[in-house]
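See structure below.
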2 protein chains.
Amino acid sequence: MKTILVVDDEADALELISYNLKQAGFSVATSMDGADALAKARSLLPALIILDVMLPEMDGFEVCKTLRREAATEAIPIIMLTAKTAEMDRVLGLELGSDDYVTKPFSPRELVLRVRKLLDRTHVAAQQKDQLRVGDLLIDVPRHAVTLRGRPLDFTATEFKLLLVLVQRCGLVQSRERLLRDVWEYERDVDTRTVDTHVRRLRDKLGRAAPFLDTVRGVGYRYMDE
Amino acid sequence: MKTILVVDDEADALELISYNLKQAGFSVATSMDGADALAKARSLLPALIILDVMLPEMDGFEVCKTLRREAATEAIPIIMLTAKTAEMDRVLGLELGSDDYVTKPFSPRELVLRVRKLLDRTHVAAQQKDQLRVGDLLIDVPRHAVTLRGRPLDFTATEFKLLLVLVQRCGLVQSRERLLRDVWEYERDVDTRTVDTHVRRLRDKLGRAAPFLDTVRGVGYRYMDE
DNA sequence: GTCGATTGTCACGAGATTGTCACAAGCACA
DNA sequence: TGTGCTTGTGACAATCTCGTGACAATCGAC
């Protein structure tokens, strides 16, 4: 059974969420402050974490960032709970990398739906196909090979990873920060402009498929399928 | 059942509104002065508050501001009732943060419609959809793409954000201050007239859908869905 | 070690985006 | 009808963003 870690400093919110998750068949662990939440996340390795932004001492943002930096917990989906609309962008944004958010007040039933959806999605992502095809481009993941209309293309390790991430989330705009997280995996601090350089190298090598890799000004990059 | 708190010092207005809300299936609480309204808001935590501007002693503006400052009541949508057009901008303004307004005299049926809309809206806002559709307009947030009758439209980052906010709160008037807060966020001081310019740019690009983005003189802008 | 490939960073410049302004047009109200 | 205030419009300069080429650091094979 999947365990979900719920972190909130308000006892009744904790109660409400736990109750509903248990009703929905999940196993639930709870925590009321950031430091404890971190410890529990590391030891339990839950399938998902629901994390309130407002926490005493170490706030939700901190916890999220920390979890994202550690290999063991990096892939655990996080849903942030936030009261203010103005915080939403920060929550989903760049440096943080939470996977979803819910603004308080929320309906418990809706929260459960979100949890299910997020677990489904990461599950699908986990069972990754060996081969990806987008337009004329074919990526063979285990072979680490890319062909364009049957012609083999040669990519370096980083280039391959970047292309893979872009193609996997084909059509969706990926911010530089997100790409850094997924491709570079937080190797020290890498400049966001580095992404640009690698995109250029990808484009150079992609040749006729280069136009499909487009830049969304002020937002990020995206691989288009048409 | 959802409870709505109605605050007005005129007995017959109170009567009229209550009757119509009850007919529409809501549970109604009433209050005739500011201090009492505050107390009831805090204890009942209603789903929505309808608040007359003119109240003995503590006026509607005060009540609204106070409620917005408290965590428990901060998220409760407020509809302000106001007699004078001149007051409208204050009502929707920054420091106040009411969510909608209705000018007296009003048709009770229209008020009920607004109530429904606002309640729907906050519910919809909570479930953060990936795609928004209003009339012929479709906004796909993760793809950062907008289409009008299937035709793709090209928006810059700021334009996209502005359109998104307007469409998310579709039907509700957004003051320039509110738009500045939600779209421009923390960025230094931006002139309120800047909003006008961006609205114009939106209209230019929206083409056939431009008429839906209307201006409410003295108050702000609004995206209409019909 | 040497050599070449890979990688991250930087500076520069073209071009897009953005905020502001001045003025025209429009509306509300006397 | 005129006055004052609000909004639309076009233009423009400042700023920001991104593509590009160059380069030094690092890595890995030999």
Side-chain angles (χ1 to χ4, degrees), chain A residues 94 144 146 153-163 165-166 173-177 179-207 210-223, chain B residues 82-93 103 144 146 153-163 165-166 173-177 179-207 210-223:
Chain A
L94 346 164
H144 226 263
V146 181
L153 296 179
D154 204 41
F155 291 106
T156 70
T158 317
E159 286 161 9
F160 184 83
K161 254 190 173 176
L162 177 58
L163 181 62
V165 169
L166 283 165
V173 181
Q174 306 294 309
S175 69
R176 284 158 230 274
E177 286 76 13
L179 291 170
L180 278 182
R181 211 189 73 204
D182 290 353
V183 177
W184 278 261
E185 293 171 14
Y186 284 130
E187 295 172 23
R188 331 163 244 169
D189 292 319
V190 179
D191 195 274
T192 55
R193 291 302 312 275
T194 298
V195 176
D196 298 34
T197 303
H198 279 268
V199 165
R200 180 171 66 87
R201 288 173 184 153
L202 273 187
R203 284 182 177 143
D204 285 350
K205 296 190 177 177
L206 278 172
F212 294 108
L213 174 44
D214 50 59
T215 121
V216 182
R217 216 156 219 282
V219 187
Y221 293 100
R222 162 178 62 181
Y223 197 94
Chain B
T82 163
K84 292 179 208 150
T85 320
E87 281 174 353
M88 296 193 306
D89 54 343
R90 283 191 62 206
V91 172
L92 281 177
T103 50
H144 222 266
V146 181
L153 297 180
D154 207 41
F155 292 105
T156 70
T158 316
E159 286 162 7
F160 186 86
K161 256 190 172 175
L162 178 59
L163 181 63
V165 168
L166 283 166
V173 185
Q174 305 297 306
S175 70
R176 284 158 231 274
E177 285 78 13
L179 290 171
L180 278 182
R181 221 189 48 199
D182 289 354
V183 177
W184 279 260
E185 297 195 22
Y186 43 86
E187 287 179 38
R188 9 166 212 161
D189 291 321
V190 180
D191 196 275
T192 54
R193 291 302 312 275
T194 299
V195 177
D196 299 33
T197 302
H198 278 268
V199 166
R200 181 172 66 85
R201 287 174 184 152
L202 275 187
R203 284 183 178 142
D204 284 352
K205 296 190 178 178
L206 279 172
F212 293 108
L213 173 44
D214 51 57
T215 121
V216 181
R217 233 187 138 71
V219 187
Y221 294 98
R222 163 176 59 182
Y223 197 94

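Keep in mind that this is a model prediction, so the values were computed, not measured. Every heavy atom of this structure was used, including side-chain atoms; hydrogens, water molecules and symmetry mates were not. Letters go in sequence order (proteins before strands), and every chain restarts at 1.
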- Relative to the 5' end of DNA chain C, which residue comes earlier, B:Ala157 or A:Asp191, by the nucleotide with the nearest heavy atom? A:Asp191
- What integer distance in Å separates A:Leu202:CG from C:dT6:C1'? 14 Å
- Query: Using a cut-off of less than 4.0 Å, is there contact between a side-chain N or O of A:Arg217 and OP1 or OP2 of D:dC18?
  - Reply: no
- Can you check whether B:Thr194 has a side-chain N or O nearer than 4.0 Å to OP1 or OP2 of C:dT20? yes
- Run the numbers on A:Val173 and A:Tyr221 for side-chain contact (heavy atoms from CB on, under 4.5 Å), then give the verdict. CA-CA 6 Å; A:Val173 181; A:Tyr221 293 100; over 6 Å; no
- Between A:Arg193 and D:dT17, is there a side-chain N or O to OP1/OP2 distance below 4.0 Å? no
- Query: Quick one: is B:His198 getting a side-chain N or O under 4.0 Å of the C:dT18 phosphate, OP1 or OP2?
  - Reply: no
- B:Lys161 NZ to C:dG19 P, in whole Å, measures 11 Å
- Starting from P on C:dC21, measure out to CG on B:Asp196 and report it in whole angstrom. 13 Å
- Message: Need one value for A:Phe155: base, sugar-phosphate or nothing, where a base atom within 4.0 Å counts as base even if backbone is also close, heavy atoms only.
- Response: nothing
- Take the protein atom CG of B:Asp189 and the nucleotide atom C1' of D:dT15, then report the distance between them rounded to whole Å. 17 Å
- Between C1' of D:dC23 and CZ of A:Arg200, the distance in whole Å: 12 Å
- According to a strict under-4.0 Å criterion, is A:Thr156 in side-chain N/O contact with OP1 or OP2 of C:dT7? yes
- Nearest-Å distance, CG (A:Asp204) to C1' (D:dT20)? 9 Å
- Message: Let's go through B:Asp214 and B:Tyr223 carefully: what are the C-alpha distance in whole Å and the side-chain angles of both, what is the deciding distance for side-chain contact (heavy atoms from CB on, under 4.5 Å) to 0.1 Å, and is it a yes or a no?
- Response: CA-CA 6 Å; B:Asp214 51 57; B:Tyr223 197 94; over 6 Å; no
- Query: What's the shortest heavy-atom distance between A:Leu202 and A:Glu159, and which atoms?
  - Reply: CD2-O, 3.7 Å
- Message: Under 4.0 Å from OP1 or OP2 of C:dT18: is there any side-chain N or O of B:Trp184 that close?
- Response: no
- Does the side chain of B:Thr158 get closer than 4.0 angstrom to OP1 or OP2 of C:dT18 through an N or O atom? yes
- Message: I'd like to know if A:Arg201 reaches the base of D:dG19 with its side chain such that a donor and an acceptor end up less than 3.5 angstrom apart.
- Response: no
- Query: For A:Thr197 and B:Tyr221, take the nucleotide of DNA chain D holding the closest heavy atom to each; which residue's nucleotide lies nearer the 5' end?
  - Reply: B:Tyr221
- Task: Let me know the distance between CG of B:Asp214 and C1' of C:dG26, rounded to the nearest Å.
- Result: 16 Å
- Item | Ring geometry between A:His198 and A:Trp184 (parallel below 30°, tilted from 30 to 60°, perpendicular above 60°) | perpendicular
- Query: In whole Å, what is the span from the CZ atom of A:Phe160 to the C1' atom of C:dA5?
  - Reply: 19 Å
- Taking all heavy atoms of B:Leu179 and all of B:Leu166, pick out the closest pair and write down the distance. CD2-CD2, 4.1 Å
- Message: Can you see if the side chain of B:Arg203 gets near the phosphate of D:dT9 - specifically, an N or O under 4.0 Å from OP1 or OP2?
- Response: no
